[in-house]
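So the structure is just underneath, and the comments pick up after that.
All values below were derived from every heavy atom in this structure, side-chain atoms included, with hydrogens, water molecules and symmetry-related copies excluded. Letters A, B, ... are given to chains in the order of the sequence lines, protein chains preceding strands, and every chain is numbered from 1. Remember, predicted model here, so these are calculated numbers, not experimental data.
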Number of protein chains: 2
Amino acid sequence: MAPEAAAKFQQCNCLAVRQAARYLTQFYDQFLASSGLRTTQFSILAKLRGFGPLSINALAKELVMDRTTLGRNMLPLEREGLIEIVPGSSDRRTKDLRLTEAGVERLRAASAGWNQAQSRFEEAFGRKRSSELRALLREVVASEL
Amino acid sequence: MAPEAAAKFQQCNCLAVRQAARYLTQFYDQFLASSGLRTTQFSILAKLRGFGPLSINALAKELVMDRTTLGRNMLPLEREGLIEIVPGSSDRRTKDLRLTEAGVERLRAASAGWNQAQSRFEEAFGRKRSSELRALLREVVASEL
DNA sequence: CTTATATAGGTGCATATACGCTCATGTCAA
DNA sequence: TTGACATGAGCGTATATGCACCTATATAAG
C-alpha cells in the first residue's frame with residue numbers, strides 16, 4: 001500500500017458520518033440525561049407519537065434501523081412501561097408497538113432537553129446549514145446503493 | 001405535548017446523522033466483510049497507518065471516539081495481531097498502539113473493498129455532493145458545543 | 001520533599017448495532 | 001388442499017458506544 005493511500009482514507013464518507021454521529025449523540029444525550037432517555041429511545045418514542053402504533057418492521061424501516069436492533073432497543077422502554085407490545089389484529093405474526101400514557105408523559109418531559117440541544121446546536125452551526133445538512137443526510141438514506 | 005411537536009422532532013439533526021451513519025455503515029461493511037474487518041476497525045488501522053503509533057487518548061481524539069470505547073475496540077485487533085501495544089517510552093502511563101506488519105497487510109487487503117464502497121457511493125450520490133457532505137460533517141465535529 | 005491536582009488508562013454496567021439462523025404465520029399456485 | 005415461497009419476529013453471538021468510578025503516574029505548588 002502506497003503512503004498516499006492513507007491520505008485517501010481521510011475522504012471516507014462513512015467515517016465522516018460516524019464521527020459526527022458520535023459527536024452529536026453525546027451532545028444530545030447530555031440534554032436528555034435528566035429525563036432518563038437516550039437519543040435512540042427518544043427517537044423511538046417520538047416516531048410512535050407521530051405515527052401511532054407500528055409493527056417492529058415498520059418502525060425499524062422508519063428509523064433506518066435493523067429490525068433485530070429495534071427488537072432489542074425497545075426492551076428497556078417496555079420494561080419501564082413507556083411502550084406496550086400488542087399482538088397484531090389481522091396478522092398474528094406482527095407485534096404493534098404502542099406508546100403508553102407514561103410514554104407520552106416521558107416524551108413530553110424529555111422534549112425540553114431536546115429543544116435545548118436542538119436550538120443550541122443550530123445556534124452554533126447555523127439554521128440554514130443545519131437544514132442543508134439534514135437534506136443531504138436524507139438523500140444519503142434515500143440513495144439507492 | 002401538542003401534536004405538532006411530533007412533527008418538529010423530524011427536524012432532529014442528531015437522528016438524521018445517526019440514521020445516515022447506520023445506513024452507510026451497513027453499506028461499507030458489506031464491502032469490507034471479505035477482509036474480516038468492520039468499518040470501525042478499518043478506520044483504526046487507517047489512522048495508525050497515516051499517523052504512526054499513537055496513544056489511546058490521541059487516537060481516540062483523532063477518531064472522535066470516547067477513550068474507553070477505543071480501549072475496547074482495539075482488543076479484537078490486538079487479538080488478531082494487527083496492532084500491538086507498546087508502553088510509552090517517556091510517560092509510563094501511556095500505551096502506544098502500533099500497526100504490525102500483519103496489520104499493514106490486512107489494511108492493504110481491505111483497501112480494495114473500501115475503494116469499491118467509496119466509489120459506488122460517490123457514483124450514486126455525486127462526487128461534489130459527497131465532498132460538500134464531508135465538509136459539513138467536519139464542521140459539525142469542529143463546532144464548539 | 002510533600003501534597004494537591006491533572007492526566008493516562010482500566011473496569012463494571014447498560015445500551016446500541018447488525019449478521020446468521022430459526023420458527024411461526026401468511027400467501028399463492030398447482 | 002397442500003406444498004413452495006414470502007414475511008414477521010426472536011435468539012446467539014460479536015462488536016460498538018460511553019458514563020461513573022477506579023488506580024497509577026506525572027506535574028506543579030508550597
Please determine, for the side chain of [X], which listed nucleotide ([options]) has the closest atom?
X     : options                : result
B/T68 : C/dG10, D/dG10, C/dA18 : C/dG10
A/T94 : D/dA9, C/dT15, D/dG18  : D/dA9
A/R38 : C/dA14, D/dG8, D/dA16  : C/dA14
A/R79 : C/dA18, D/dG18, C/dT15 : C/dT15
B/T69 : D/dT17, C/dT17, D/dC19 : D/dT17
A/K95 : D/dG10, D/dG8, C/dA16  : D/dG10

Could you state the [atom1]-[atom2] distance from [X] to [N], rounded to the nearest angstrom?
X     : N      : atom1 : atom2 : value
B/L77 : D/dA16 : CG    : C1'   : 12 Å
A/L75 : C/dT17 : CG    : P     : 14 Å
A/I56 : D/dC11 : CD1   : C1'   : 13 Å
B/Y28 : C/dA18 : OH    : P     : 16 Å
B/L70 : C/dA8  : CG    : C1'   : 13 Å
A/D66 : D/dT15 : CG    : P     : 18 Å
B/F31 : C/dC19 : CZ    : P     : 14 Å
B/L37 : D/dA14 : CG    : P     : 17 Å

Heavy atoms only, 4.0 Å cut-off, all strands: where does A/T40 land among base, sugar-phosphate and nothing? sugar-phosphate
Indicate, with a heavy-atom threshold strictly under 4.0 Å, whether B/S55 touches base, sugar-phosphate, or nothing. sugar-phosphate
Is there a donor-acceptor pair closer than 3.5 Å between any side-chain N or O of A/Y23 and the backbone N or O of B/S143? yes
Keeping A/Q41 on the side-chain end and A/R38 on the backbone end, is there a donor-acceptor pair under 3.5 Å? yes
For a quick test of reading the model: is some side-chain N or O of [X] closer than 4.0 Å to OP1 or OP2 of [N]?
X     : N      : value
A/N57 : D/dT7  : no
A/R67 : D/dG8  : no
B/R92 : D/dA24 : no
B/Q26 : C/dC19 : yes

Does a salt bridge link A/R134 with A/E122, judged by any charged N lying under 4.0 Å from a carboxylate O? yes
Could you go through the side chain to side chain donor-acceptor pair (under 3.5 Å) check for B/T40 and A/R18 one step at a time? CA-CA 9 Å; B/T40 301; A/R18 286 173 67 84; 2.7 Å; yes
In terms of relative ring orientation, are A/F42 and A/W114 parallel, tilted or perpendicular, with 30° and 60° separating the classes? parallel
On the 0 to 90° scale, with breaks at 30° and 60°, tag the B/F31-B/F27 ring pair as parallel, tilted or perpendicular. perpendicular
Picking from A/R106, A/E105, A/R49, what satisfies side chain to side chain contact (heavy atoms under 4.5 Å, CB included) with A/L99? A/R49
Regarding C/dG12, can its base be found pairing with the side chain of B/R72 as donor and acceptor, where the two atoms are less than 3.5 Å apart? yes
Proximity to DNA chain C (any heavy atom under 4.0 Å), residues of residues 15-23 of chain A only: none
First of A/D29 and B/Q41 reached from the 5' end of DNA chain D, by closest nucleotide: B/Q41
In terms of the nearest nucleotide of DNA chain D, which residue is placed more toward the 5' end: B/D91 or A/D96? A/D96
So, B/R22 and A/T69: side-chain donor and acceptor under 3.5 Å apart, yes or no? no
Classify the side-chain pair A/T68/A/D66 by whether it contains a donor and acceptor separated by less than 3.5 Å. yes
CA sep, side-chain torsions, deciding dist, call: B/F125, B/L133, side-chain contact (heavy atoms from CB on, under 4.5 Å): CA-CA 10 Å; B/F125 194 69; B/L133 175 61; 4.3 Å; yes
Those residues that, when tested against A/D91, pass salt bridge (charged side-chain N to carboxylate O under 4.0 Å, His left out) (two or more places apart): A/R93
Using the 3.5 Å cut-off, write out each protein N or O paired with an N or O of nucleotides 2-6 of chain C and the distance between them.
none

